[in-house]
Amino acid sequence: MASTLRLCTLQIVQLSKNVCKPNCRYMFLSAVRPGTIVPFKLSDIGEGIRDVIIKEWYVKLGDRVSQFDNICEVQSDKASATITSRYDGVIRAVHYKVDDVALVGNPLVDIEVEEEITNVDESVKKSVRKERNEETDSQEGHDIKVEINSNKVLTTPAVRRLAMENNINLKDVPATGKSGRVLKEDILVYMQDLSHSSSIERPSIRTNEKTVLGENMPVKKYAKAMWKSMTQSLSIPHFVYSDECNVSKLVKYRDEVKDTLKEQGISLSLMPFFIKAASRALERVPELNAWLDEDAQNIRIVKSHNISIAMDTPEGLIVPNIKNVQTLSIVAIAKELNRLQALGKIASIPLADLSEGTFSLSNIGVIGGTYTKPVILSPQIVIGALGKIQKLPRFDELEKVYPANVIAVSWAADHRVVDGVTMAKYSSIWKYYVENPMHLLLGA
Ligand code: CAO
């Protein structure tokens, strides 16, 4: 992935021949007088990049720019970079159009500088002159890539930018380059040392490093039971099968009757339908309503559909069951669910309601989510989890799009004793019932 750099180019520029003395190969910045037009060249971005594509100009002819103002955005096959101005001045020429290829070392724009540039002393000049044979000059040898500042730290613009972005004073960085020049590697090593040294405060990251502890929370009540049962479940190889069901008819039907039932003190959610559908599907695939005896390697198929319901209560997760669902109507299931929810709220669910569950359902969609991988409650062998009903576009028989109520169901089965086909078959039957709720109303 292309990294984004911001570069400030400080160049010692070649001035036009009429302002350059014949035996002077370099005109130092100190010689640039106000009103001089200087070519602002694309300096070496590093990474071996020889040319770049101009992606965007931030300036146009006649614009006044200050140091560090954005000039343009360039892109190479390795990096993108924002080129910023080194000078205060006015743009007098723009050498490329957007999407043109610009070569490193060639001028991007010409800037008429506004102020005299000084601050380069003799000793630094000497050091640069000494180095110039070692530098990778541009084609004509006029453009030196060494950056000089008033404190005599030698480095490249890219390294200066790296130091600036990380709030590092170049003078603090042990230099390993020629003539004491600070290299990019020097900065990286310095930053690494900083992060490893606990005694040195990180310059750019100031966090409260002290860990603030909250209160101790012992695992108690329902969470203790969850700990035990879920730890037991760890040894079960779970096979998970998911599907989507269009419950538009069910939502409509429930909406039609819920207020009438409310008047009778019964809260009818969708859950009783899901529970009844589970029982109806178990009538067709009875081997899934079972307890597994691991030691005896035996499965006991149970005739009673005691459907366990994962219930969120103020004390945590609890899983009571509604017994003999195969004999109960939707309204009777709703009443049982209401009773268990009321008891769950005050943490008073009797043991009888917690024991002998044969098959589980968990409706996490009350909170949200689409798919989840439910965990089997041993010795049961199957659990189903429901996501949140979503309004999604679907096709009707005439292939017209309409807003459907869609719910995702995920079944987890004990793969030691339940194969995938059996689970998929069961899921399809359950799906049929929740998509066609009128069939649930037939029989008990
Ligand atoms: N998508 C959208 N809406 C849903 C929904 C779903 N999947 N399931 C329920 N709703 C709606 C209900 O229809 C009801 O709507 P109204 O206010 O219009 O009547 C509302 O959400 C609240 O329903 P409820 O809380 O009474 O829930 P319910 O009867 O549908 O389900 C119970 C009961 C016990 C399953 C649920 O309250 C609960 O505790 N779920 C959490 C289960 C859980 O913790 N699972 C994780 C187990 S692993 O840690």
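As the structure lists them, so they are numbered: ligands from 1, and atoms in each ligand from 1. None of these values were measured; they are calculated from a predicted model. Excluded from the calculations below are hydrogen atoms, water molecules and symmetry mates; all remaining heavy atoms, backbone and side chain alike, are included.
Using a 3.5 Å distance cut-off with no hydrogens or angles, the side chains of D110 and H95 do pair a donor with an acceptor. Q326 and S279 form no side-chain donor-acceptor contact under 3.5 Å, judged by distance and modelled atom types alone. Under 3.5 Å, the side chains of S304 and N324 contain a donor-acceptor pair of N or O atoms.
With sequence neighbours excluded, the residues forming a side-chain contact (heavy atoms from CB on, under 4.5 Å) with F395 are V401, listed by chain and number. Every side-chain contact (heavy atoms from CB on, under 4.5 Å) that A334 has, sequence neighbours left out, goes to I266, L268, P272.
Heavy atoms of I389 found under 4.0 angstrom from ligand 1 belong to the backbone as well as the side chain. Of all the heavy atoms of L337, the ones lying under 4.0 Å from any atom of ligand 1 belong exclusively to the side chain. Under 4.0 Å from ligand 1, not a single heavy atom of V375 appears.
Protein heavy atom closest to atom 49 (O) of ligand 1, with residue, atom name and distance, is L317 CD2, 3.7 Å. In terms of protein heavy-atom proximity, atom 24 (P) of ligand 1 is closest to Q341 NE2, 4.1 Å. Looking from atom 35 (C) of ligand 1 to the surrounding protein, the closest heavy atom is A310 O, 3.7 Å. Annotation: atom 47 (C) of ligand 1 to nearest protein heavy atom, S362 OG, 3.4 Å. The nearest heavy-atom contact from the protein to atom 38 (C) of ligand 1 is D312 N, 3.9 Å. The nearest protein atom to atom 3 (N) of ligand 1, hydrogens excluded, is given as G365 O, 4.6 Å; this is a heavy-atom distance.
Residue contacts with ligand 1 include G387, since one of its heavy atoms falls under 4.0 Å from the ligand. A heavy-atom separation below 4.0 Å is found between R254 and ligand 1.
At a distance under 4.0 Å, a protein heavy atom can be found next to atom 42 (C) of ligand 1. Less than 4.0 angstrom separates atom 15 (O) of ligand 1 from at least one non-hydrogen atom of the protein. Protein heavy atoms are found less than 4.0 angstrom from atom 18 (O) of ligand 1.
A salt bridge does not link D259 to K262: none of the charged nitrogens lies less than 4.0 Å from a carboxylate oxygen. With respect to R339 and D353, a salt bridge is recorded, a charged nitrogen being found less than 4.0 Å from a carboxylate O. Of the charged side-chain nitrogens involved, none lies within less than 4.0 Å of a carboxylate oxygen, so that K431 and E244 do not count as a salt-bridged pair.
W411 pairs in a ring-ring contact (aromatic ring centres under 6.0 Å, His included) with only one of the listed residues (Y371, Y426, Y241), which is Y426.
F273 and Y253 have perpendicular rings, their planes meeting at more than 60° on a 0 to 90° scale where under 30° would count as parallel.
Within the set N363, I407, T370, D255, the minimum heavy-atom distance to atom 8 (N) of ligand 1 is found for N363. With atom 34 (C) of ligand 1 as the reference point, the heavy atom nearest to it among K388, M271, M311 is part of M311. Checking V366, I383, V409 against atom 10 (N) of ligand 1, the nearest heavy atom belongs to V366.
Between the side chain of S248 and the main chain of N405, a donor-acceptor pair closer than 3.5 Å is present.
Within ligand 1, counting atoms from 1 as listed, the ones closer than 4.0 Å to a heavy atom of S269 are 13 (O), 28 (P), 29 (O), 30 (O).
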